[in-house]
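In what follows, every chain begins at residue 1, and chains take the letters A, B, ... in the order their sequences are listed.
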Amino acid sequence: MPETPEIPRDRNRQTDTPPTPDPAPTGSAYEPAEVEEKWYRYWEAGGFFDAEPDAVLEGGKAPFVIPMPPPNVTGRLHMGHALQDTVQDLLVRFKRMQGFEALWIPGIDHAGIATQNVVERTLKKDGVDRKAIGREAFLEHVWAWKEEYGDIILQQKRRLGDSCDWRYERFTMDDGLSRAVQEVFVTLYEQGLVYRGDYLVNWDPDNQTVISNEEVDNVERPGSLWTVRYPVVDDEGNETGEAIQIATTRPETIPADTAVAVHPEDERFTALVGKRVKVPTTGRTVPIIADDAVKMDFGQGALKVTPGHSEVDFEIGKRHDLETLSIMNLDGTLNELAGAYAGLDRAEAKTRIVTDLAEAGLLVKTEDYTVTTPISSRSKAVIEPLLSPQWYVAMEPLAKKALAVVDDGTITFHPSRWANEYRRWLEDIRDWPISRQLWWGHRIPVWYPVDETGERDEENFVVSVDSPGEGYVQDEDVLDTWFSSWLWPFATLGWPGQTDALKAFYPGSVLVSGYDILFFWIARMIMAGTHFLDEVPYTDVFITGMIKDKQGRWMSKSLGNGIDPLDMIEQYGADAVRYTLGVLCAQGQDIKLDPAKFEGGRNFANKIWNASRVFGRFVERDDAGRPTEDLRRERGFGELELAERWLLTRLHDTVEAVTEALGAYRISEAAHLAYDFVWRDFCDWYLEVSKAPFGETPSRETLALSTEVFEQILQLLHPFMPFVTEELWWTLRPREAGDALVASSWPAPDPAETDAEAAQTFATVQDLVTAIRQVRAQYNVPPSQDVRALVGAGDAATAAAVEGAREYVERLAGLSDLTIGADLEKPSASAAVVVGAHVVYVPLEGMIDLDVERQRLQKEIDGKRGFLAGVEKKLQNEAFVSRAPEAVVAKERQKAEDAKAEITALEANLADLG
RNA sequence: GGGCUCUUAGCUCAGUUGGUUAGAGCGCAUCGUUGACAUCGAUGAGGUCACUGGUUCGAAUCCAGUAGAGCCCACCA
């Protein structure tokens, strides 16, 4: 049995003193570099990311599990990782705070071809040739390379703040996973789902390996379409003078033709079917056959059949029992079957053959033609369809199960349209060629008997994890990289061992990935999970958009348009990068990324930092700078001031909305909601209103409430911006060691501490303040100059409400005097603004230009009238009043009334101006 | 050849089941250095939601079509 991975069982939360936060920041700007590293070290060493099977199995905690898409061992962190990791970490931290036993499993993929190429190139620089040193020595080099560079990307992920449980870290080539891979191969073979087949494969002549369909890109390229004469011959082999014209884009494969095909219903050729033609460039004659696959309207209506080098032709060949000639070597040169062209590279051969055809008078014409060319997505080499024996997985039985779990809703895709893509692929799936002609990878567990001469018996192989014993040699090939990564969600937990980790954390919760590996990986993981464990690997799949450059192009080395996330972290801070990516992560559209966008995140982090200083500097501290006093609110909700009741109400609503949005993977929305609350509500209004006047210390009650709300702000923002929030967390009040923000609970404001009426009143205050500021701006009243204002309230009750908020309005609008009354005498030479049920007069003796004010009022009145007209038209519409819901109609009526009152007030003021 | 997505302010994009006078960030304009923050504050300008038609009392939102942009599948040699 494979080794069960060693996962420590004790939660090891640090009890040492946590790092010292900067207690009384003196600079005006937040410096992320100083705080990020120390907190990450504290979190990791303190075991704050640890997830324990026992907590689930015995503690009754609900698990939340995300398998990290393992980055390639050759990889460096790029923006795609940064985006996906941000989402994953956000979810993991959020769920962890919500009380889930949250596990994010990290690891690395061995990335067969990519790694082999990298190491091969490195060796070549030192003059070492892979083939010369042999398999064993080469693999030693690869392992050495892996040991040296293999975990760079995981270190980089730490910079981003990834809260993985690193104790679970795995590598797709480690012992446990290797064992799992081999067993899966054997199991599938025993189930009849792995087989060896001799078919046309996608051959990459550069890397000299087969690749799967998914690894091939079809690229349109300018090329040529040549029309070639194939002379018809009689039974004796003499040319009859007739000929069939054939259009082809691949004249270099002519020597491998084994038939010429026409459509059975094509009357132009009916008489010729059954006769033979002479294949140009070779003396061979081949039959003219009839097959449905031929398109009558393409070229001259006749097709050369080359079963050894074309998939369609291969199928035709099977139907007509044609010979399959393979004229190409594995390196893309032609072999001896190509006669005179043997030894030439395929491109060279093409040119030569065209020239020779022309000389022989067999070339009818050459046309420009756009050729769809298969390209290896990795090496960019033109793929050659070649006949080659390979190992395959029969996919249909696996696909059926994987389809069922999406159809029945066990797995949900976000956004849902990806489920359709997924279905489309699975419903029309082809068998998966899994063998690769590489050295770096999982060796195929197939053993061939060898005789004394060393001859391998290809027929009587044994499929087994371990060698059957003396006299057997193992298959030289390795398995496709994806054949190990499709086991990732459970192999990382110790499968096929029945470990506690597996019991506790399988099935997982969410997979976050880009759509680029939907087929490669996501779909196959679901197949593997449902097939081998009878359970889905996760219930939710969140598909992110792909990161493009500013102009919408893919980021690539050749274009040099990549943005290095580490540079961005250095420049703006990890929190800024994370927050910005969170904002941009809306509903799976691709993201055009301009590095300047990170400024927004940086500014937000800075804003939070500075906000804490408004009240944070009044917190008493010891010599080490730690807060010594635990300020707690003593007043009940009802005793709080208006602004405080409003703030708590907004906090409650915001937390609720953010929680809901995160739960539904609406990351961008959650980010915006939190931002608005922190910046607009907390900073712009609450802090401005509650700030102590110059030279005064705010009351303890004010400090207590500010601390309380800010603490929840930090919790709310922590999944987005873990570093700055953790740093500030320790500056608010004395905390026990280990009482870190990362381990705190997701905020849950008391629904009883909300007050819709207070919120309404405060909104009126905001409107009044804004209105007065508008007047000040309109008339360029400098902030240093105090003005008076008069608020005429509609009735005594609203007047009283505004009276209660008098101080706010005075302070925020810069008023020297505020008169409030239900029935005010309007001062002369004043600007008038209507705010809901209130009219605000701002006396501007000497500052006001009556003409300008008249114009402004008229414009305002016209606007309101236009609006009113629209509303009244709606209300006069019998159909609207009778068919629209009552609430909607009532709302419209209210709008009309408000507009009328506002117009009346404004008109009165206009009249007063004379 | 099939399928999917996108088109909303100068730019980049939000807009959940159809009901706001259509929003944000950046940019732009005007004003602002007394103790959180100029990585800031206040105020403002800026949109017939690609186009056409339909459904509906009501459409940026639903349906059909048109035009652009992009992506994914597919054996037209």
Is Lys891(A) salt-bridged to Glu886(A), going by a charged N under 4.0 Å from an acidic O? no
Considering only NZ, NE, NH1 and NH2 on the basic side and carboxylate oxygens on the acidic side, decide whether Lys900(A) and Glu872(A) come within less than 4.0 Å. yes
Say you pick atom C1' in C73(B) and the same atom in C26(B); how far apart are they, in whole Å? 38 Å
Regarding Thr770(A), tell me which of base, sugar-phosphate or nothing describes its non-hydrogen contacts under 4.0 Å with the strands shown. sugar-phosphate
For Arg423(A), report the nucleic acid contact type (base, sugar-phosphate, nothing); a contact means any heavy atom under 4.0 Å. nothing
From the options C37(B), A42(B), G19(B), select the nucleotide whose nearest atom is closest to the side chain of Asp684(A). A42(B)
Compare side-chain N and O positions of Trp418(A) against OP1 and OP2 of C72(B) and report whether any pair is under 4.0 Å apart. no
When rounded to the nearest Å, what value does the distance between P atoms of G15(B) and C72(B) take? 23 Å
Distance, P atom - from C51(B) to G68(B), rounded to whole angstrom: 16 Å
N or O in side chain of Gln774(A) less than 4.0 angstrom from G44(B) OP1/OP2: yes
Among G19(B), U21(B), C37(B), find the nucleotide with the atom closest to the side chain of Phe867(A). U21(B)
Taking NZ, NE, NH1 and NH2 as the nitrogens, is one of them in Arg268(A) or Asp266(A) under 4.0 Å from a carboxylate oxygen of the other? yes
Salt-bridged, Asp676(A) to Arg680(A), with N to O below 4.0 Å? no
Hey, are the side chains of Lys895(A) and Leu868(A) touching, using non-hydrogen atoms and a 4.5 Å cut-off? no
Charged N-O contact under 4.0 Å between Arg893(A) and Glu897(A): no
Report yes if at least one side-chain N or O of Arg613(A) is closer than 4.0 Å to OP1 or OP2 of A36(B); otherwise report no. no
Hey, does Thr249(A) reach any base, or is it just sugar-phosphate, or nothing, if we go heavy atoms under 4.0 Å? sugar-phosphate
Phosphate OP1/OP2 of G70(B) contacted by Lys592(A) side-chain N/O (<4.0 Å): no
In whole Å, what separates the C1' atom of U56(B) from that of G3(B)? 30 Å
With under 30° as parallel and over 60° as perpendicular, where do the rings of Tyr579(A) and Phe604(A) fit, or are they tilted in between? tilted
Output the single nucleotide from U39(B), U20(B), A77(B) whose closest atom is nearest the side chain of Thr372(A). A77(B)
Check step by step if side chain to side chain contact (heavy atoms under 4.5 Å, CB included) holds for Gln766(A) and Tyr808(A). CA-CA 9 Å; Gln766(A) 292 176 307; Tyr808(A) 301 149; over 6 Å; no
Side-chain contact, heavy-atom cut-off 4.5 Å: Thr370(A) with Arg221(A)? no
The nucleotide from U20(B), C75(B), A77(B) with an atom nearest the side chain of Arg430(A) is C75(B)
From C-beta outward on Lys607(A), which listed nucleotide comes closest to its side chain: A77(B), C57(B), G41(B)? G41(B)
Take His263(A) and Asp291(A) through the test side-chain hydrogen bond (donor to acceptor under 3.5 Å, both in side chains) and record every step on the way to the result. CA-CA 5 Å; His263(A) 196 276; Asp291(A) 194 281; over 6 Å; no
Assess whether one donor atom and one acceptor atom, taken from the side chain of Lys691(A) and the base of A36(B), lie less than 3.5 Å apart. yes
Filtered N/O pairs between nucleotides 23-27 of chain B and protein, under 3.5 Å:
from, atom 1, to, atom 2, distance (Å)
G25(B), OP1, Arg680(A), NH1, 3.1

So Lys304(A), base contact, sugar-phosphate only, or nothing? Heavy-atom distance under 4.0 Å. nothing
Would Lys365(A) and Trp226(A) count as a cation-pi pair here, with the cationic atom under 6.0 angstrom from the ring centre and within 45° of the axis? no
Would you classify Tyr369(A) as touching base, sugar-phosphate or nothing, given that sugar-phosphate means primed atoms plus P, OP1 and OP2, and contacts are heavy atoms under 4.0 Å? sugar-phosphate
Nearest-angstrom distance, C1' atom, G25(B) to C62(B): 30 Å
Considering only nitrogen or oxygen atoms on both sides, find all protein atoms under 3.5 Å from nucleotides 2-5 of chain B and state each distance.
from, atom 1, to, atom 2, distance (Å)
U5(B), O2', Gln589(A), OE1, 3.3
U5(B), O2', Gln589(A), NE2, 3.4

Leu303(A) side-chain proximity, nearest of A14(B), A77(B), C57(B): A77(B)
Spacing of the C1' atoms in A9(B) and A14(B) (rounded, Å): 13 Å
Structure string for RNA chain B in dot-bracket form, Watson-Crick and G-U at under 3.5 Å, | interchain: (((((((..((((.....[...)))).(((((.......))))).....(((((..]....))))))))))))....
Taking Arg666(A) first and then Glu660(A), would you say they form a salt bridge - that is, a charged N and a carboxylate O separated by under 4.0 Å? yes
With Arg617(A) as the cation and Trp609(A) as the aromatic partner, state whether NZ or CZ is under 6.0 Å from the six-membered ring centre and within 45° of the axis. no
Using the P atom on both, measure C4(B) against G65(B) and round to a whole Å. 11 Å
Sugar-phosphate, base or nothing in reach of Arg602(A), heavy atoms under 4.0 Å: base
